[in-house]
Amino acid sequence: MEFGYSDYYIIGEVITCWGAFLICLNTLMSYALYDKQQRFFLYAASSTFFTSLFNIISVNNISHFSERPVFLCVFITSIYFFLLLVCPFVMTTYVCDLAIQNKKRKRVLNIILVIVQNFYFLFVIINIKTGWIFRFDPLEGYIRGPAKNITYILSSFYGIIIIVTALINRRYLARRIFYVFLIYPFISICFVGIQFFFPKILLTGVASFTSILFAYMTIQSYTMEVNIQTGLMTESRLRKKLSVQRRNGVLYVMTIDNINMIQSSLDVSEINQMFLHLGEIFMTHFPRNAYVLSINRLAAIGRSVDDVRLKSASILNDIKKLSSDINSIIPIPIETYSAAIEFKKEDNDYDSMMDLINNMLVRAKSSQLKSMQVCDESVFADRERKRCIYKILKRELSLESEQFQVWFQPIYSINGKKFEYMEALSRLKNTELGDIPPQEFVQVAENRGLIEMLGFVAFEKVCKFISDNRDTVNAVSINFSVYQMMNPNVVKNVLSTIERFSLSPSNIIMEITESIFIDNYELVMKHMMELARAGVKFYLDDFGTGYSNLTNVISLPFTTIKMDRSLVLAMEEGQKGISLFFDLVSTFKGVGFKILVEGVETNNQNYLVERAGVDYIQGFLYSRPLPPVECVELLRRSEN
């Protein structure tokens with residue numbers, strides 16, 4: 001027995017209804033309402049479901065025409081024709097939205113598509129009176145009209161639009177997406193052609209469903225593990241690849257250091273084109289083994305270090321060409337750093353390898369090394385040392401610790417002719433690694449989330465030092481990091497610590513670097529104002545090292561400007577440096593600031609800064625950083 005009504009075969013439409021329903025359900029469960037591309041598939045699958053459903057009902061009415069009211073048969077069949085071209089229209093709009101980058105052209109084409117679709121809707125509505133597409137004869141039943149082929153013509157029209165759009169906008173599409181858009185219309189047209197020559201075999205819904213299913217599986221499912229901007233596989237795919245790798249290899253990672261600056265200077269279409277070119281560059285040199293980890297980081301798997309080194313050099317050359325093309329739009333070169341690590345098939349832990357590569361990329365950036373960095377024994381040793389430093393910090397960051405110490409560098413007052421106060425400097429002494437340099441353990445603390453704890457423990461030690469030596473020590477300056485100043489409880493923590501050690505807020509001077517204000521001005525200003533009202537003093541640290549918003553400097557409660565050593569060195573290079581320094585000192589003193597100069601190490605430097613009229617001097621010429629006891633002794637000798 002045939003599965004159908006009379007001599008109509010409907011098995012394809014039944015399967016289509018079920019398949020389209022499943023796609024609708026899957027897209028809804030995939031948060032289609034929050035994803036524009038998913039919504040296109042939801043609309044297309046929904047229209048296909050209802051088209052097939054009404055096609056089945058319409059055929060049932062045709063087969064039992066004599067038993068049904070004519071108006072019902074006309075109504076159901078009209079709805080079927082009304083829905084018939086919704087799916088091709090939606091998918092054509094989807095292709096245009098994804099491929100066309102120019103907003104004006106996209107809008108114009110969308111208007112044309114809407115006009116064509118509305119014309120068809122109107123044609124279906126007036127067909128109820130004209131019978132141009134179909135009509136029901138009281139004796140013969142369903143009869144096709146003279147415009148019966150309009151659906152085939154418009155289906156072909158939408159298919160041509162998709163193909164032409166994909167061809168014209170080829171450079172904006174990842175390779176696989178491009179081929180999907182070329183093949184998609186042919187699948188639909190094949191089934192439409194069968195329907196045209198064999199009208200009794202119902203394939204209208206099948207044509208749309210098969211095409212949607214192909215696009216859905218190759219684009220939407222594909223994008224789960226492939227980045228649509230670059231055409232490269234995602235990080236999750238890289239993890240899987242490494243976990244099943246059956247031979248030794250090399251993991252290669254390249255980072256674009258100035259991606260934010262480039263993005264802010266290009267429009268959307270230019271950015272998309274740049275990412276596509278980057279993806280093509282990587283796919284060219286690492287076919288089937290190229291990945292995108294984040295917006296500014298690409299990766300690949302190679303066979304050997306030499307092989308990857310050669311390909312890395314070629315990639316850099318290709319990126320230079322791409323950068324020169326971008327330079328015709330913006331004068332910003334693409335700055336990259338890269339690193340590679342060998343792995344064995346039995347030792348390929350992804351997180352460990354990425355940790356090492358991140359360390360190498362940081363070193364490459366800090367040293368401005370443009371060539372590919374290869375992981376060697378020194379990298380493993382460096383990682384192990386950092387792990388050990390982290391453990392030491394976790395163990396020693398407490399008020400009672402004898403290894404985490406605070407040393408002090410006295411600050412000389414020119415007018416008072418003595419050491420008036422001192423700066424607190426953190427030290428990590430006598431550990432299992434020996435004495436660890438501040439720049440090293442501070443970096444580990446920043447990278448491992450301990451920098452805020454380090455700052456507050458150092459502050460506690462400073463308060464204890466002042467409390468123990470209140471007869472000699474009047475005030476101590478201490479650096480506060482951006483992490484501390486952004487803590488919502490910083491004011492409460494600082495004032496409660498001062499109170500716990502029975503100190504006055506005037507005993508504390510907070511040194512704030514200029515960089516703190518770049519992204520956090522409002523919050524930092526709020527905390528500074530509250531602390532200043534309580535009596536805490538503020539110094540602007542490292543003035544002259546970069547960010548210098550004089551408006552912020554004047555409006556915030558700073559009492560002293562601390563000139564960076566680079567300005568002192570500039571004076572020794574010539575008259576321009578001297579004039580600049582003297583003018584800065586004069587300007588700041590003219591509006592009520594005191595001036596502290598750090599890094600004074602020679603008599604000539606001391607002579608120049610005194611001539612400039614500074615108030616305080618800090619440097620090796622007067623004293624190196626000293627342990628607490630030695631510093632107190634120096635202050636006492638200075639009083640005599």
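Index from 1, following the sequence. Any value given below was found using the heavy atoms of this structure, including those in side chains, with hydrogens, waters and symmetry copies removed.
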Enquirer: For the residue pair Arg624 and Phe620, would you count it as a cation-pi contact if the rule is NZ or CZ under 6.0 angstrom from the ring centre and within 45 degrees of the ring axis?
Expert: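 Yes, a cation-pi geometry holds between Arg624 and Phe620.
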Enquirer: If the condition is salt bridge (charged side-chain N to carboxylate O under 4.0 Å, His left out), which residues does Glu460 pass it with, not counting sequence neighbours?
Expert: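 Scan of Glu460 (salt bridge (charged side-chain N to carboxylate O under 4.0 Å, His left out), adjacent residues dropped) gives Arg500.
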Enquirer: Quick one: which residue pairs count as a side chain to side chain donor-acceptor pair (under 3.5 Å) with a foot in residues 446-456, not counting sequence neighbours?
Expert: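 Output for this query lists Glu452-Asn487.
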Enquirer: Applying side chain to side chain contact (heavy atoms under 4.5 Å, CB included), can you list everything that pairs with His277, at least two apart in sequence or on another chain?
Expert: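 Once residues adjacent in sequence are excluded, the partners of His277 under the side chain to side chain contact (heavy atoms under 4.5 Å, CB included) criterion are Gln273, Glu280, Leu322.
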Enquirer: Not counting sequence neighbours, list each pair that qualifies as a side chain to side chain donor-acceptor pair (under 3.5 Å) and has a residue in residues 522-536.
Expert: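 Passing the test, one end in residues 522-536: Lys526-Glu530.
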Enquirer: Sequence neighbours left out, what pairs pass side chain to side chain donor-acceptor pair (under 3.5 Å) with at least one residue falling in residues 591-603?
Expert: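 Pairs touching residues 591-603 that pass the test: Arg565-Glu601.
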Enquirer: Partners of Phe275 by ring pair (Phe, Tyr, Trp, His ring centres under 6.0 Å), sequence neighbours excluded?
Expert: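 Ring pair (Phe, Tyr, Trp, His ring centres under 6.0 Å) list for Phe275, sorted by chain: empty.
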Enquirer: What's the shortest heavy-atom distance between Ser338 and Met372, and which atoms?
Expert: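 Here Ser338 and Met372 meet closest at OG-CA, 3.3 Å.
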Enquirer: Measure the shortest side-chain to side-chain distance between Ile478 and Ile509 over non-hydrogen atoms and say whether it is less than 4.5 angstrom.
Expert: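 A side-chain contact is absent here, since even the closest heavy-atom pair is not under 4.5 Å.
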Enquirer: Would you check if Leu635 and Pro410 make a side-chain contact, meaning some heavy-atom pair closer than 4.5 Å?
Expert: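 When only atoms from C-beta onward are counted, Pro410 and Leu635 do touch, with a gap below 4.5 Å.
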Enquirer: Of all heavy-atom pairs between Ala612 and Val585, which one has the smallest distance, and what is that distance?
Expert: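 Smallest heavy-atom distance, with atoms named: O-CG1, 3.3 Å.
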Enquirer: Taking only residues two or more places apart in sequence, or in another chain, which ones meet Arg385 in a salt bridge (charged side-chain N to carboxylate O under 4.0 Å, His left out)?
Expert: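 In terms of salt bridge (charged side-chain N to carboxylate O under 4.0 Å, His left out), with neighbours along the sequence ignored, Arg385 is linked to Glu440.
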Enquirer: Mind checking what makes side chain to side chain contact (heavy atoms under 4.5 Å, CB included) contact with Ser506, not counting sequence neighbours?
Expert: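 Ser506 satisfies side chain to side chain contact (heavy atoms under 4.5 Å, CB included) with Ser504 once adjacent residues are dropped.
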Enquirer: Could you tell me if the side chain of Gln443 sits less than 4.5 Å from the side chain of Val362, heavy atoms only?
Expert: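 The answer is yes, as the side chains (C-beta and beyond) meet within the 4.5 Å cut-off.
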Enquirer: Once ring-ring contact (aromatic ring centres under 6.0 Å, His included) is applied, what residue pairs with a partner in residues 448-479 remain, sequence neighbours excluded?
Expert: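 ring-ring contact (aromatic ring centres under 6.0 Å, His included) check on residues 448-479 returns Phe408-Phe465, Phe459-Phe480.
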Enquirer: Where is the tightest heavy-atom contact between Phe404 and Ala458, given as atom of each residue plus distance?
Expert: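 The pair with the smallest heavy-atom distance is CE2-N, 4.0 Å.
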Enquirer: Output all residues satisfying side chain to side chain donor-acceptor pair (under 3.5 Å) with Arg395, sequence neighbours left out; order by chain, then residue number.
Expert: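 Testing Arg395 for side chain to side chain donor-acceptor pair (under 3.5 Å), a comparison that skips the adjacent residues, returns Gln403, Glu432.
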Enquirer: Could you check if a side-chain atom of Trp407 sits within less than 4.5 angstrom of a side-chain atom of Glu630, using non-hydrogen atoms only?
Expert: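 Of all side-chain heavy-atom pairs linking Glu630 with Trp407, none is under 4.5 Å.
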Enquirer: Do the side chains of Arg636 and Asp471 get close enough for a salt bridge, i.e. N-O under 4.0 angstrom?
Expert: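 Yes, this pair counts.
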Enquirer: Should the heavy atoms of other residues, nucleotides or ligands under 6.0 Å from NZ of Lys537 be counted, would the total exceed 12?
Expert: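 Count not over threshold, so no.
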Enquirer: Could you work out, with side chain to side chain contact (heavy atoms under 4.5 Å, CB included) as the rule, every residue matching Ala300, not counting sequence neighbours?
Expert: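 Applying side chain to side chain contact (heavy atoms under 4.5 Å, CB included) to Ala300 gives Tyr252, Phe282, Phe286.
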Enquirer: Out of Phe538, Phe593, Tyr539, which one pairs with Thr559 under the side-chain contact (heavy atoms from CB on, under 4.5 Å) rule?
Expert: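 Answer to the side-chain contact (heavy atoms from CB on, under 4.5 Å) test with Thr559 among Phe538, Phe593, Tyr539: Tyr539.
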Enquirer: Do Ser413 and Asn415 get their side chains close enough for a donor-acceptor pair, meaning under 3.5 Å?
Expert: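 There is no such pair between these side chains.
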Enquirer: Please name all residues satisfying salt bridge (charged side-chain N to carboxylate O under 4.0 Å, His left out) with Lys391, sequence neighbours left out, ordered by chain then number.
Expert: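 Partners of Lys391 by the salt bridge (charged side-chain N to carboxylate O under 4.0 Å, His left out) criterion come out as none, since no residue qualifies.
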Enquirer: If we only count heavy atoms from C-beta on, is the Leu608 to Phe581 side-chain gap below 4.5 Å?
Expert: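 In short, these two side chains do not touch, never coming nearer than 4.5 Å.
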Enquirer: Once rounded to the nearest 0.5 Å, what's the spacing between atom CE of Met354 and atom CG of Asn359?
Expert: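 Result: 11.0 Å between the selected atoms.
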Enquirer: Locate the shortest heavy-atom distance separating Glu511 from Ser477; write the atom from each residue and the value.
Expert: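 Between these two residues, the closest heavy atoms are OE2-OG, 2.8 Å.
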